[in-house]
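Just below is one structure, and these are the notes that go with it.
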Amino acid sequence: MNQRDTAVFDLITQEKHRQKSGLELIASENFVSPAVLEAAGSVLTNKYAEGLPAKRYYGGCEVVDEIENLAIERVKELFGASWANVQPHAGAQANAAVMLGVLQAGDKILGFDLSHGGHLTHGSPVNFSGKLYQSSFYGVEQETGVINYDKVEATAQKEKPKLLICGASAYSRDWDYERLRAIADQVGALLLADISHPSGLIAKGLLNDPLQYCHIVTTTTHKTLRGPRGGLIMMGKDFENPFGLKTKKGVLRKMSSILDSAVFPGTQGGPLEHIIAAKAVAFGEALTDDYKDYVVQVKKNAQVMANDFVEKGYGVISNGTDNHLMLIDLRSKNLTGKEAENTLIKADITINKNMVPFDTQSPFVTSGMRLGTAAVTTRGLLENDMLWIVEMVDKVLMNIENEKVITEVRKEVNQRMSDLPLFTK
Ligand code: DSN
């Protein structure tokens, strides 16, 4: 039992080397601090704690209760929320719990089209959200790459969804939550914002505030928020449920109680208290001025990167970005997303292929690639480095058959990145 499991730990060492020596441009990834990593790898993984702090189904939860309360209080302070549940294991689980809490099977939902930058859990037919509920979608305008809220309103009027969902995994523009709330109110829908991607920028006031207008907000904790892999649910203001659900004493149940029950026992078992501790550490970090400097730099870096791609003739959707990511249509370069992803990885540059709005390719091939600056900014890279990154990406993409050029780029990338820590500050 004391023997080191070299099969696994050698692979972990290899993965650490990969992360250190390459350029991580996947928009949904980031590098956590040593403190977040320590909490995630702690003995808290040993503890069962089904239930909520002070209302558990197991003994010995005094310490994890304090940890979970810390995570809840910190995230409420960070976003100005009045209520939060930090147990969802991931963003998908947070969305599943919200839908279980506010919908009946067969109810209508309206979300942002996956092929325009939306997310699987917002109604895709291959996901529970599209199988259990009747989904319809809104998208972006072909000419601008931006959402037309008049069209969202028209679709909402036609479909009369019970839940209107906003948020995306590949949309680089800010959201008009105030307008979306007005639309939701017109049709009697609840409004859910899934802010998984830009939540770190929202927390520090660099983008519009969804908590002011949306009934419910979900996010992952590992993207711009720079915590462990996980999810959470929040509300700006708790409210009495509009479905007439009552407590045993005959009073209307609060949404917070319905959502808590939808997480456990509705959709999950025991919470991952080691991950909740790591979330608490990450939220503590996100409350600092250093983190504000970080997200400001993430946004600056994304703008410089997007502008430079535009200058080099790449089809950046909506011609720029308000957040940490950009979606690039490669058709003007006669490339597919699959070719770009597969070639860039040979130079240790990691991106993901992505559908672009009105794509003519399948999801396995795609016409686009998605890039983000959250991870490279954590490594300490600044605006000038973004110009270098675009130069490296462009050099590879313009020479996809030229192994010599690709090898040269890989060496340059490795040389520049290997000396930098994964987490700067
Ligand atoms: N897989 C995440 C992303 O890359 O955006 C969303 O679930």
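Counting begins at 1 with the first residue of the sequence. Just follow the structure's listing: the first ligand is 1, and inside any ligand the first atom is 1.
Put simply, NE2 on H89 and CG on L232 are 13.5 Å apart, with the number rounded to the nearest 0.5 Å.
Of the candidates V409, V413, T407, T407 is the only one forming a side chain to side chain contact (heavy atoms under 4.5 Å, CB included) with K411. With T155 as the partner, the side chain to side chain contact (heavy atoms under 4.5 Å, CB included) test is satisfied by one option alone out of L164, V187, L110: L110.
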Contacts table for ligand 1: protein N or O within a distance under 3.5 Å of ligand N or O, distances only.
| from | atom 1 | to | atom 2 | distance (Å) |
| --- | --- | --- | --- | --- |
| ligand 1 | 4 (O) | S28 | OG | 2.7 |
| ligand 1 | 4 (O) | R370 | NH1 | 3.4 |
| ligand 1 | 4 (O) | R370 | NH2 | 2.7 |
| ligand 1 | 5 (O) | H197 | NE2 | 2.7 |
| ligand 1 | 5 (O) | R370 | NH1 | 2.9 |
| ligand 1 | 7 (O) | H119 | NE2 | 2.7 |

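Considering only residues two or more places apart in sequence or on other chains, V281 meets the side-chain contact (heavy atoms from CB on, under 4.5 Å) condition with A35, V36, A39, E285. By the side-chain contact (heavy atoms from CB on, under 4.5 Å) test, K338 pairs with T336, N342, K353, V365, sequence neighbours left out. Residues passing the side-chain contact (heavy atoms from CB on, under 4.5 Å) test with L114 are L120, S124, sequence neighbours excluded.
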